[in-house]
Amino acid sequence: TLLLKRSQAEGRILLTMDRELARRGQDHAILVEERDVMDQVRGLARMGLIVPEIRLTRCSLCNSPLRHARADEVRRASYAPGDLPGRKYFWCPQCRKLYWQGTHGKDLENRMKELVLQD
């Protein structure tokens with residue numbers, strides 16, 4: 001299928017809840033059986049496939065790669081919390097959306113690490 005071909009071409013592993021797709025993908029696909037997202041994170045971390053941390057590398061709207069934002073892009077984004085020292089901003093050139101790691105992302109990352117370490 002298209003998803004398998006694309007994931008292979010990009011050097012990725014396809015995560016799927018579709019048993020048949022996972023079977024056809026062989027080593028290039030993984031069946032995700034957990035319904036809860038935190039259980040999914042825990043399972044993938046146990047397999048050594050992920051490190052439970054938040055990385056701002058892809059746009060949540062279009063999945064395009066993000067790049068570091070320029071100062072003028074941060075200034076123009078009225079929703080940004082301001083150019084605080086040490087804060088990193090990322091930009092989606094496709095959607096023209098600004099991203100940054102705020103308290104919500106840090107809280108989520110801590111929650112993921114706690115869940116993985118519970119075992």
Side-chain angles (χ1 to χ4, degrees):
T1 71
L2 179 63
L3 289 174
L4 285 171
K5 288 179 183 176
R6 184 169 180 179
S7 66
Q8 289 174 4
E10 293 179 5
R12 296 174 180 239
I13 296 173
L14 180 67
L15 303 178
T16 181
M17 293 181 132
D18 182 322
R19 289 184 186 282
E20 178 59 22
L21 186 57
R23 185 191 64 73
R24 282 186 287 152
Q26 299 175 356
D27 294 339
H28 301 284
I30 294 192
L31 179 65
V32 177
E33 299 185 81
E34 300 87 355
R35 295 284 179 199
D36 179 76
V37 70
M38 288 303 188
D39 290 338
Q40 293 170 357
V41 169
R42 183 182 308 154
L44 294 170
R46 278 190 200 137
M47 287 187 260
L49 295 172
I50 65 166
V51 175
E53 64 185 18
I54 304 294
R55 288 182 219 97
L56 297 174
T57 58
R58 296 246 170 207
C59 177
S60 62
L61 299 175
C62 71
N63 201 37
S64 292
L66 299 177
R67 63 164 170 75
H68 286 279
R70 296 186 312 258
D72 64 306
E73 292 165 334
V74 174
R75 280 193 305 274
R76 285 195 315 254
S78 61
Y79 54 89
D83 194 8
L84 300 174
R87 181 168 289 178
K88 294 178 184 173
Y89 294 92
F90 302 90
W91 183 255
C92 176
Q94 184 71 30
C95 295
R96 304 181 59 77
K97 181 175 169 69
L98 185 70
Y99 291 87
W100 64 92
Q101 178 78 301
T103 56
H104 174 72
K106 290 176 186 172
D107 291 345
L108 183 58
E109 187 172 88
N110 288 337
R111 186 172 165 218
M112 286 190 302
K113 286 180 181 176
E114 288 171 11
L115 282 174
V116 172
L117 295 174
Q118 283 179 351
D119 300 326

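Here the structure is a predicted model, which means the values were calculated and not measured. Throughout, numbering of the chain's residues begins at 1 and tracks the sequence.
- Under the salt bridge (Lys or Arg N to Asp or Glu O under 4.0 Å) criterion, Arg96 pairs with no residue at all, not counting sequence neighbours.
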May I have the step-by-step check of side chain to side chain contact (heavy atoms under 4.5 Å, CB included) for Ile13 and Ser7, ending in yes or no? CA-CA 6 Å; Ile13 296 173; Ser7 66; over 6 Å; no

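- Linking Ile, Leu, Val, Met, Phe, Trp and Tyr residues whenever their side-chain heavy atoms come within less than 4.5 Å leaves Val51 and Val32 in two separate clusters.
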Give the intermediate values and the outcome of side chain to side chain contact (heavy atoms under 4.5 Å, CB included) for residues Met47 and Ile30. CA-CA 10 Å; Met47 287 187 260; Ile30 294 192; 4.2 Å; yes

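- Applying the 6.0 Å contact sphere to CZ of Arg6 captures no more than 12 heavy atoms from other residues, nucleotides or ligands.
- Separating the CG atom in Leu3 from the CG atom in Leu14 is a distance of 6.0 Å, to the nearest 0.5 Å.
- A donor-acceptor contact shorter than 3.5 Å links the side chain of Tyr99 to the backbone of Ser60.
- Nearest heavy-atom pair across Tyr79 and Trp100 is O-CH2, 3.4 Å.
- Listed by chain and residue number, Glu73 satisfy the salt bridge (Lys or Arg N to Asp or Glu O under 4.0 Å) test with Arg67 (two or more places apart in sequence, or in another chain).
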Evaluate the criterion side chain to side chain contact (heavy atoms under 4.5 Å, CB included) for residue pair Gln26 and Leu4; output intermediate values, then yes/no. CA-CA 10 Å; Gln26 299 175 356; Leu4 285 171; over 6 Å; no

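- At a threshold of 4.5 Å between non-hydrogen side-chain atoms, the residues Leu15 and Leu44 count as touching.
- Every residue two or more places apart in sequence or in another chain that forms a ring pair (Phe, Tyr, Trp, His ring centres under 6.0 Å) with Phe90 is listed here: His68.
- Contact of the Lys88 side chain with the Gln101 side chain is not registered, since no non-hydrogen atoms from C-beta on lie closer than 4.5 Å.
- Nearest heavy-atom pair across Met38 and Leu108 is CE-CD1, 3.3 Å.
- Partners of Arg75 under the salt bridge (Lys or Arg N to Asp or Glu O under 4.0 Å) rule, at least two apart in sequence or in another chain, do not exist in this structure.
- Legend: ring pair (Phe, Tyr, Trp, His ring centres under 6.0 Å) pairs involving residues 16-37, not counting sequence neighbours: none detected.
- Taking 4.5 Å as the limit, every side-chain heavy atom of Asn63 sits out of range of all side-chain heavy atoms of Gln94.
- A salt bridge (charged side-chain N to carboxylate O under 4.0 Å, His left out) check over residues 31-41, counting only residues at least two apart or in different chains, returns the pairs Arg19-Glu33, Asp39-Arg42.
- Looking at heavy atoms from C-beta onward, Thr57 lies out of side-chain contact with Pro65 at the 4.5 angstrom threshold.
- The two atoms that bring Ala69 and Val74 nearest to each other are CB-CG2, 4.0 Å, heavy atoms only.
- Between Asp18 and Glu20, the shortest heavy-atom contact is OD1-N, 2.9 Å.
- Here the closest heavy-atom approach between residue Leu61 and residue Lys97 is recorded as CD1-CD, 3.7 Å.
- From Cys95, atom SG reaches atom CG of Leu66 across 9.0 Å, with rounding to the nearest 0.5 Å.
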